[in-house]
Number of protein chains: 2
Amino acid sequence: MAATIEDVARLAGVSIATVSRALRGLPDVASATRDRVVAAAAELDYIASPFAARLASGRAATVGVVVPFVNRWFFAEVIDTVETALRKAGFDLLLYNLGDEAGRERFFDVMPMRKRVDAVLVVSLVLSDEEFEALALLGSPVGLLGLERPGFLSSRIDDVRGAQQAVEHLLALGHRRIGLIGGDTDDPMRFTPPLHRRDGYRDALRDAGIDPDPASEVLGYFTIDGGGDATRALLELPDPPTAIFAESDEMAYGALRTIRRANLRVPEDVAIIGFDDQYNAELLDLSTVHQPVAEQAIDISTRLLRAIIDGDVEPATVVLPTELVVRGSTEAACSVY
Amino acid sequence: MAATIEDVARLAGVSIATVSRALRGLPDVASATRDRVVAAAAELDYIASPFAARLASGRAATVGVVVPFVNRWFFAEVIDTVETALRKAGFDLLLYNLGDEAGRERFFDVMPMRKRVDAVLVVSLVLSDEEFEALALLGSPVGLLGLERPGFLSSRIDDVRGAQQAVEHLLALGHRRIGLIGGDTDDPMRFTPPLHRRDGYRDALRDAGIDPDPASEVLGYFTIDGGGDATRALLELPDPPTAIFAESDEMAYGALRTIRRANLRVPEDVAIIGFDDQYNAELLDLSTVHQPVAEQAIDISTRLLRAIIDGDVEPATVVLPTELVVRGSTEAACSVY
DNA sequence: CTGTTAGCGCTTTCAT
DNA sequence: ATGAAAGCGCTAACAG
């Protein structure tokens, strides 16, 4: 069987308490002693049993990461970055993939991470008051990525400003009739992005002296097909828009497809701009608003770790800047369509 | 503080051993007693400390999943599926994201999952003999997804056959000059897909009485840009191919871009087929060979769990079928280009 | 069917 | 600077 702390103690000729201290780099260990212990541990190929350590210390050295999906760009990117940050700090990442609504209910019902994580990171989930309450009751630091709530650590982008950037770009190109493909803002369990991005769209129009026209705002449900259908609706308007802002790249992909199938040219007939800048955007030559995903992930992981280790960290919200990325779907010069 | 097993035992008026049995659904507990225990546990909002249970039982109830990246289609898809399967069986998923070469070395050097998982699942990593050796030394079941090795459980597709399907499709359409965009087959740390898919390509040509022409096989390095460059090279050939088989969808995307930029039409001037059928393939109307990712993930998780629970499971390899998916990049009828 | 008891392998006072 | 000893909260014989 694998070596235990006693084996190391025996070989090094010290007590198990000293082995524990030496191997964890605690102070008050003579360096000669430490060397001896480290050598013994190496010889026996010893590593501490995490479960015994966790039981004895009360620390889980684990962060629970809760996501609605993992097989989508944003979430995969976040998990990737967070895992690396945690591992570097000696923490494990325990993944909770909610999946469907049933999975979500089961999760908040059972709270399976109870007693097994030091902190929780919730990624882009819209939570009810009860669900926030349940998280707070865990008694561990809770971090939010892509959303905000008073009393919780969080990291996000400014969706209003990002949408403004997109629409201001279209305005600067001379467009006056600009359509919006958005998400549902009436769903009580809604994502916040649809709401904020629509506000940014309207703000930008008003700032340019244009009155937002409700008829030019259609639902795309944040899917490719939804974006395609929405675009068809926009094109059938009596006075169709010359440019479209889609609240997500995915919806913009659908828009591109619909326009291509209608034998119209992008951007000459209709200009398209998305939001997110996922990797497909470059492939499809889509202008969009870049959001710094890895940066948000690193920021929230870092502060969450500090909250675990140093204890008291104030539950601030960090807002990271978005950036306009101009490609061929809005500027003909470099278009490949 | 949170309730312990003793609190429950006291409230239910039984011993802690009975609580343990009742809550874990073990036999030999009177149903009246069990009800009382369950009620007491519910009242105290009790859940067992996983660390104490793991320390005492020696079971980690955790599977370590080792991936080279998580932010790529195939891996995200696998993690998603495996997490769900494990969670359903009461197991945690501990993620190990190797990232770069340094991360990989650190991983196999330290073997950080030692003493903390009951099994390991390695996803599409090409391992050295030493690395396989290190895994075997863990003494736990090891599952492989996307690769195969005698003595290990594994689940994969038949890359040779899949490539044949792609090329046979092109041949059936009348193409005789078919180019190949592949991966490096000389790298000692190579993926196996490049090798197998190239073999399938050559087999299909030979079966049609065509001698594979080395000049028509170019390297695309499994990236979009690589696929684009490779395509340019193929188009500059004295006798350029009328169809191209890319060993991955990503390289096919690059091919589409290059062809579009060269003002050639797909599929009229050049037909393109990829391999994998990731979601972008449909978006880009790319013909490809579908590989069942979720099915592979479920198969290997299931067998790995059985190996953990029932102990002895023979280390078989399951090979799942691929399927040709015809879209607009090979058949003009439904093309949108 | 239920209770008693001895660990599981560490961490952490408290002495010295 | 080091050691002794008391847990951490559970599981698993074993006894009855």
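Sequence lines set the chain letters: A, B, ... in the order given, protein chains first and strands last, and positions in each chain run from 1.
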Using only heavy-atom distances, determine whether the side chains of [X] and [Y] contain a donor-acceptor pair under 3.5 Å.
X: A:S154; Y: A:E148; answer: no
X: A:E77; Y: A:Q278; answer: no
X: B:T18; Y: B:S15; answer: yes
X: B:S20; Y: B:R24; answer: yes
X: B:D118; Y: B:S140; answer: no

List in numerical order all residues of residues 29-52 of chain B for which some heavy atom is under 4.0 Å away from an atom belonging to DNA chain C.
->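 By residue number: B:V29, B:A30, B:T33.
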Nearest whole angstrom, please: distance from the [atom2] of [N] to the [atom1] of [X].
X: B:R116; N: C:dG9; atom1: CZ; atom2: P; result: 16 Å
X: A:D28; N: C:dT16; atom1: CG; atom2: P; result: 18 Å
X: A:I16; N: C:dG9; atom1: CD1; atom2: P; result: 12 Å
X: A:E6; N: C:dT11; atom1: CD; atom2: P; result: 13 Å

Can you check whether B:T18 has a side-chain N or O nearer than 4.0 Å to OP1 or OP2 of C:dT2?
->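 No, no such contact exists.
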OP1, OP2 of C:dT4 versus side-chain N and O of B:S15: anything below 4.0 Å?
->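 Looking at the OP1 and OP2 atoms of C:dT4, neither is under 4.0 Å from any side-chain N or O of B:S15.
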Any side-chain heavy-atom pair from A:L95 and B:I79 closer than 4.5 angstrom?
->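 In short, these two side chains touch, coming nearer than 4.5 Å.
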Compare all side-chain heavy atoms of B:R149 with those of B:L144 and state whether any distance is below 4.5 angstrom.
->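 Answer yes - side chains close enough.
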Electrostatic pair B:R54:B:D92 at N-O distance under 4.0 angstrom =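 Here B:R54 pairs with B:D92 in a salt bridge, since their nearest N and O are under 4.0 Å apart.
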Ion pair present between A:D7 and A:R10, side-chain N to carboxylate O less than 4.0 angstrom?
->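 Looking at A:D7 and A:R10, the cut-off is met.
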Run the ring-centre check on A:F74 versus A:F69 and record whether the distance is less than 6.0 Å.
->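 No, the ring of A:F74 stays outside the 6.0 Å limit from the ring of A:F69, centre to centre.
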Would you classify B:A17 as touching base, sugar-phosphate or nothing, given that sugar-phosphate means primed atoms plus P, OP1 and OP2, and contacts are heavy atoms under 4.0 Å?
->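 The residue B:A17 makes base contact.
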With a 4.0 Å cut-off on heavy atoms, is A:R54 in touch with a base, just the backbone sugar-phosphate, or nothing at all?
->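 Counting heavy atoms under 4.0 Å across all strands, no contact is made by A:R54.
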So which one's nearest nucleotide on DNA chain D is more toward 5', A:R21 or B:A56?
->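 It is A:R21 whose nearest nucleotide is closer to the 5' end.
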Shortest non-hydrogen contact from A:F51 to B:L55?
->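 A:F51 and B:L55 have their closest heavy atoms at CB-N, 4.3 Å.
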Nearest listed nucleotide, side chain of A:L55, among C:dG9, C:dT11, C:dG3 =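 It is C:dG9.
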What does the inter-axis angle of the helix from C:dC1-D:dG16 to C:dT16-D:dA1 come out as, five pairs per end, nearest 10 degrees?
->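 One end axis against the other gives 30°.
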Between which nucleotides of DNA chain D, 5' to 3', does chain A make heavy-atom contacts below 4.0 Å?
->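 First-to-last contact on DNA chain D, by the 4.0 Å heavy-atom rule, is D:dA1 to D:dG9.
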